[in-house]
Amino acid sequence: MSDTYYEFGTAAERWDRAQFFFESKEYLVAARILAGLVEEVPEQVAPRLLLARAYYHSARLGRAETELRAVLELDPVEHYARLMLGRTLERQGRPAEAATHLRVAAALSGDFTPAGGE
């Protein structure tokens with residue numbers, strides 16, 4: 001596919017296309033489309049969060065971490081971004097740093113179950 005295909009259409013059409021590719025598990029294609037959207041509208045959380053998810057699922061963990069931290073700068077109480085950041089850090093072998101984010105995510109989502117039990 002040419003680059004113009006990814007750039008074709010309105011932002012809404014590109015968003016729909018990115019979601020289609022993401023749902024089809026074509027994470028690299030989705031990321032390519034979403035990167036352009038994020039560049040165009042960096043203040044919007046949804047495209048950046050889906051971009052982070054695409055990076056996570058395609059094992060581009062450093063990029064996922066960067067996008068998740070940007071999401072949390074825009075919306076510090078976005079619990080799913082916090083959860084994903086924790087999981088991304090775990091996959092990078094950084095469990096102590098991950099634990100902090102996972103605890104905050106649990107608190108933000110209302111899951112107050114103590115670790116290791118009831």
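Please read all numbers here as calculations on a predicted model, not as lab measurements.
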Inter-residue atom distance [X].[atom1] - [Y].[atom2], 0.5 Å rounding:
| X | Y | atom1 | atom2 | value |
| --- | --- | --- | --- | --- |
| R17 | L37 | CZ | CG | 9.5 Å |
| L50 | E23 | CG | CD | 8.5 Å |
| L72 | H101 | CG | NE2 | 7.5 Å |
| T100 | L85 | OG1 | CG | 10.0 Å |
| E97 | L102 | CD | CG | 11.0 Å |
| R60 | L28 | CZ | CG | 5.0 Å |

Can you hop from [X] to [Y] via hydrophobic side chains spaced under 4.5 Å?
| X | Y | result |
| --- | --- | --- |
| Y56 | L68 | yes |
| V104 | Y80 | no |
| F21 | L34 | no |

[X] and [Y]: which non-hydrogen atoms are nearest, and at how many Å?
| X | Y | result |
| --- | --- | --- |
| L61 | R91 | CD1-CB, 3.6 Å |
| A54 | S58 | O-OG, 2.9 Å |
| A81 | V71 | CB-CG1, 3.6 Å |
| L108 | P76 | CD1-O, 4.2 Å |
| L51 | A31 | CD1-O, 3.5 Å |
| P42 | L74 | O-CD1, 3.5 Å |

Residues that, via side-chain heavy atoms closer than 4.5 angstrom, fall in one hydrophobic cluster with V41: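 None, because no other hydrophobic side chain comes under 4.5 Å of this residue.
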Output yes when a side-chain donor or acceptor of R82 lies under 3.5 Å from a complementary backbone atom of R103, and no otherwise.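 Such a contact is absent between R82 side chain and R103 backbone.
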Would you check if V29 and F22 make a side-chain contact, meaning some heavy-atom pair closer than 4.5 Å?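 Of all side-chain heavy-atom pairs linking F22 with V29, none is under 4.5 Å.
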Output yes when R69 and E65 qualify as a salt bridge under the 4.0 Å nitrogen-oxygen rule, no when they do not. yes
Restricting to pairs with a member in residues 33-55, which pass side chain to side chain donor-acceptor pair (under 3.5 Å), not counting sequence neighbours?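 As it turns out, the side chain to side chain donor-acceptor pair (under 3.5 Å) pairs with a partner in residues 33-55, which skip direct neighbours, are R14-E40, R48-E67.
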